[in-house]
Amino acid sequence: MQDLTHYIDGAHVAGTSGRFADVMNPATGEVQGRVPLASEAEVAHAVDVAARAQPAWAAVNPQRRARVMMKFVDLLNRDMDKLAEALSREHGKTLPDAAGDVQRGLEVVEYCIGAPHLLKGEYTDSAGPGIDMYSMRQALGVTAGITPFNFPAMIPMWMFAPAIACGNAFILKPSERDPSVPLMLAELMEEAGLPKGVLQVVNGDKEAVDAILHHPVIQSIGFVGSTPIAEYIYGTGCANGKRVQCFGGAKNHMIVMPDADMDQAADALIGAGYGAAGERCMAISVAVPVGDETADRLIEKLVPRIEKLKVGPYTAGKDVDYGPVVTAAAKANIERLVQTGIDQGAKLVVDGRNFNLQGYEDGFFVGPHLFDHVTKDMDIYRQEIFGPVLSTVRAQSYEEAIGLAMDHEYGNGTAIFTRDGDAARDFANRINVGMVGINVPIPVPLAYHTFGGWKKSVFGDLNQHGPDAFKFYTRTKTVTARWPSGIKEGGEFSIPVME
Ligand code: NAD
């Protein structure tokens, strides 16, 4: 049993609230540690420390701040295996997937090495007679981020790397399910040269989140997690005058057109639907084949692939396709939703219920499920399941298929599989979803583009990472300057008199 800590002012600090949460090993179902849940006073202390550290950090020139990011990239690569192992142990995902989690965060850190260029302002020479105008981007001050369990390395880095590169201090409140990697990242940032107090990790639950939401010194809040909490944090944070961006849940549709390469589409669906046990906000959870013949061909290709999936603990290495889900509660919720699907008339083509793994009977493993004949009114269609459950909704036309994705309340990601450029182009133009794949099932944009959904998948305007992050973590100040003629006109030798 490991007692975890907070990371405040450059040191591991024990919790003082007396409240803790269990940190599980999802593969074995055992409690492997406990994480302290911060009180309002502990959050306030971290904010005081951050507020003291931030001005000096903002005064460090951007190139030197970028050098800390460069060194941090080196350290992430040095410790990649260690980070991936710690991540898999608390989250349950496979080791290669855990390394991918670190890697996609690292790529945003690499982008942030461009801070000197990204923070350059704008300048208009001679905007009026003798008048110049320039805009600069300045750090906000103390910023904060609240992150979900499913990417405990990537999403914290998506937030703190740009925030810190811009000259802010950052307080991270990671998920209480898998807090170890965020603590390790804070240590590595300091090893990379970041002054104490600029990046702090405060572990906790709603109490810590509420303390962040109401603290007057915190200027901005980034949130990634489920939609109801996103909505709450956006509303409360904005009402308290903060700059807030919140990214919520998803129900990502993949349209399969009759002309698609069906093997390619089936392979794509297997990875995107069942990878990470379906616990990805960019997972495909709804397959929409167009036409019954396409649907039959697709299901025929999917079934043997699903039956071959290997589910197991990360310690089984490369032999495993996906691991357990994060908690017993998550597993119970998935099983409950599967039952609603059956009760509401969907056809369970692959039944993952009663999946049992010898030696891991107490782990939170869920077998793969495939539903066919799912309809719009069913709970398994309307709600985010966040598990290894793929629903097939049969559409009779392209219009019906695109309409399904457009009418759904979530709009994070979507994909179309087709050989028809015209259909793909029409889909990309009309769809009201933030991230679109054309024959690409999980279209997560790279670090130098931006990440964000539409509709109930997002609250706020600017996206994560890329140029938007540098806007979110800075304020624009615009200066209009006029210098009356001075000594360049020559010396004045007569005594000045009133004319
Ligand atoms: P969650 O909403 O339960 O928790 C997210 C964070 O909010 C955690 O730090 C948690 O401690 C905190 N929190 C939980 N309940 C709270 C409450 N009542 N008040 C204040 N704070 C609270 O989400 P999760 O289960 O950790 O993550 C899974 C969800 O995140 C899924 O819905 C998934 O789609 C979503 N997600 C979205 C994106 C995206 O970019 N859109 C990315 C990853 C995950």
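We're numbering straight along the sequence, starting at 1. Counting starts at 1 for both ligands and their atoms, following the listed order. Computed from a predicted model, the values in this text were never measured in an experiment.
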K.L.:
Which atoms of ligand 1 are found less than 4.0 Å from any heavy atom of Glu176?
P.N.:
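In order of number, 10 (C), 11 (O).
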
K.L.:
Measure the NZ-CG distance between Lys471 and Leu462 for me, rounded to the nearest 0.5 Å.
P.N.:
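Nearest 0.5 Å value for the NZ-CG distance: 6.5 Å.
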
K.L.:
Would the number of heavy atoms belonging to other residues, nucleotides or ligands and lying under 6.0 Å from OH of Tyr448 be above 12?
P.N.:
no

K.L.:
Do Arg104 and Glu107 meet the salt-bridge criterion of a basic N to acidic O distance under 4.0 Å?
P.N.:
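Looking at Arg104 together with Glu107, the answer is yes, because their closest N to O distance falls below 4.0 Å.
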
K.L.:
In this structure, which one of Ile385, Ile284, Asn412 forms a side chain to side chain contact (heavy atoms under 4.5 Å, CB included) with Lys251?
P.N.:
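The option that passes is Ile385.
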
K.L.:
In the protein, what heavy atom is nearest to atom 7 (O) of ligand 1, and what distance, to one decimal place, separates them?
P.N.:
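The closest heavy atom on the protein side is Phe223 CE1, 3.3 Å.
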
K.L.:
Number the atoms of ligand 1 from 1 as they appear, then name those within less than 4.0 Å of a heavy atom of Ser175, with their elements.
P.N.:
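Those of ligand 1 that fall under 4.0 Å from Ser175 are 9 (O).
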
K.L.:
Looking only at protein heavy atoms, which one is nearest to atom 19 (N) of ligand 1, and what is the separation?
P.N.:
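The answer is Lys206 CG, 3.4 Å.
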
K.L.:
Once you restrict to heavy atoms under 4.0 Å, what part of Phe151 touches ligand 1? Side chain, backbone, both or neither.
P.N.:
neither

K.L.:
Supply the atom-to-atom distance Thr143 OG1 to Ile218 CD1, rounded to the nearest 0.5 angstrom.
P.N.:
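Separation between the atoms: 8.5 Å.
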
K.L.:
Short list, please: which atoms of ligand 1 are under 4.0 Å from a heavy atom of Phe247?
P.N.:
39 (C), 40 (O), 41 (N)

K.L.:
Name the closest protein heavy atom to atom 40 (O) of ligand 1, giving the residue it belongs to and the distance to 0.1 Å.
P.N.:
Phe451 CE2, 3.1 Å

K.L.:
Do any nitrogen or oxygen atoms of Asp205 come within less than 3.5 Å of a nitrogen or oxygen of ligand 1?
P.N.:
no

K.L.:
Regarding ligand 1, does Thr147 bring an N or O atom to under 3.5 Å of one of the ligand's N or O atoms?
P.N.:
yes

K.L.:
Considering both backbone and side-chain atoms of Lys173, is one of its nitrogen or oxygen atoms within less than 3.5 Å of a nitrogen or oxygen in ligand 1?
P.N.:
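In this structure, Lys173 places an N or O atom under 3.5 Å from an N or O of ligand 1.
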
K.L.:
Only heavy atoms of Ile146, strictly under 4.0 Å: list the atoms of ligand 1 that pass.
P.N.:
6 (C), 7 (O), 9 (O)

K.L.:
Do the numbers put Lys173 on top of the ring of Phe223, so that NZ or CZ is under 6.0 Å from the six-membered ring centre and no more than 45° off the axis?
P.N.:
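So Lys173 doesn't make the cation-pi contact.
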
K.L.:
With heavy atoms only and a cut-off of under 4.0 Å, state how Val458 meets ligand 1: side chain, backbone, both or neither.
P.N.:
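Looking at Val458 and ligand 1, no heavy atom falls under 4.0 Å.
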
K.L.:
Can you find a heavy atom in the side chain of Lys376 that is under 4.5 Å from one in the side chain of Asp407?
P.N.:
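They are in side-chain contact.
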
K.L.:
Answer with side chain, backbone, both or neither: which part of Arg280 has a heavy atom less than 4.0 angstrom from an atom of ligand 1?
P.N.:
neither

K.L.:
Counting non-hydrogen protein atoms only, what is the nearest one to atom 21 (N) of ligand 1? Give residue, atom name and distance.
P.N.:
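The protein heavy atom lying closest is Val209 CG2, 3.4 Å.
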
K.L.:
Look at atom 1 (P) of ligand 1 and say which protein heavy atom is nearest, naming residue and atom and giving the distance to 0.1 Å.
P.N.:
Ser226 OG, 3.7 Å

K.L.:
Is it the case that ligand 1 has an N or O less than 3.5 angstrom from some N or O of Phe149?
P.N.:
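Yes; the residue has a nitrogen or oxygen that sits under 3.5 Å from a nitrogen or oxygen of the ligand.
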
K.L.:
In terms of residue, atom name and distance, what is the protein heavy atom nearest to atom 39 (C) of ligand 1?
P.N.:
Cys281 SG, 3.5 Å

K.L.:
Which of the numbered atoms in ligand 1 are below 4.0 angstrom from a heavy atom of Asn150?
P.N.:
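Counting atoms of ligand 1 from 1, those under 4.0 Å from Asn150 are 43 (C), 44 (C).
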
K.L.:
Return the set of residues passing ring pair (Phe, Tyr, Trp, His ring centres under 6.0 Å) with Tyr360 (not counting sequence neighbours), or none when no residue passes.
P.N.:
none

K.L.:
Could you check whether Asn25 and Tyr314, counting side-chain N and O atoms only, form a donor-acceptor pair closer than 3.5 Å?
P.N.:
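No, no side-chain donor-acceptor pair sits under 3.5 Å.
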
K.L.:
For atom 34 (O) of ligand 1, what's the nearest protein heavy-atom neighbour? Residue, atom name and distance, please.
P.N.:
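I find the closest protein heavy atom is Glu384 OE2, 2.6 Å.
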
K.L.:
With only distance considered, is Ile229 within less than 3.5 Å of ligand 1 through an N or O on each side?
P.N.:
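No, Ile229 has no N/O under 3.5 Å of an N/O on ligand 1.
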
K.L.:
Looking at residues at least two apart in the chain, or sitting in another chain, which of them share a ring pair (Phe, Tyr, Trp, His ring centres under 6.0 Å) with His12?
P.N.:
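Scan of His12 (ring pair (Phe, Tyr, Trp, His ring centres under 6.0 Å), adjacent residues dropped) gives Tyr7.
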
K.L.:
Of the backbone atoms (N, CA, C, O) and the side-chain heavy atoms from C-beta on, which set of Glu279 has a member under 4.0 Å from an atom of ligand 1: side chain, backbone, both, or neither?
P.N.:
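None of Glu279 does.
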
K.L.:
Any chance you could measure Leu337, atom CG, to Phe371, atom CZ, to the nearest 0.5 Å?
P.N.:
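Reported to 0.5 Å precision, the distance equals 9.0 Å.
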
K.L.:
Using a strict cut-off of less than 4.0 Å between a Lys/Arg side-chain nitrogen and an Asp/Glu carboxylate oxygen, indicate whether Glu409 and Arg382 qualify as a salt bridge.
P.N.:
no

K.L.:
Using a 4.0 Å cutoff against the non-hydrogen atoms of Ile155, which atoms of ligand 1 qualify?
P.N.:
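The atoms of ligand 1 under 4.0 Å from a heavy atom of Ile155 are 42 (C), 43 (C).
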
K.L.:
At what distance is the nearest protein heavy atom to atom 35 (C) of ligand 1, and which residue and atom is it?
P.N.:
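Closest protein heavy atom to atom 35 (C) of ligand 1: Gly225 O, 3.1 Å.
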
K.L.:
Under a 4.0 Å N-O cut-off, is there an ion pair linking Lys93 with Asp178?
P.N.:
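Result for this pair is no, no salt bridge flagged.
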
K.L.:
Does any N/O atom on Thr227 come nearer than 3.5 Å to any N/O atom on ligand 1?
P.N.:
no

K.L.:
Would His408 and Tyr381 count as a close aromatic pair, with their ring centres under 6.0 Å?
P.N.:
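Yes, ring centres under 6.0 Å apart.
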
K.L.:
When you look at Glu42 and Thr16, which way does the side-chain hydrogen bond (donor to acceptor under 3.5 Å, both in side chains) test go after all the steps?
P.N.:
CA-CA 8 Å; Glu42 287 170 294; Thr16 57; 3.0 Å; yes

K.L.:
Taking the minimum heavy-atom distance to atom 37 (C) of ligand 1, which of Gly248, Ala329, Pro148 ranks first?
P.N.:
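Shortest heavy-atom distance from atom 37 (C) of ligand 1: Gly248.
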
K.L.:
Find all atoms of ligand 1 within a distance of less than 4.0 Å from any non-hydrogen atom belonging to Gln464, and give their numbers and elements.
P.N.:
40 (O)

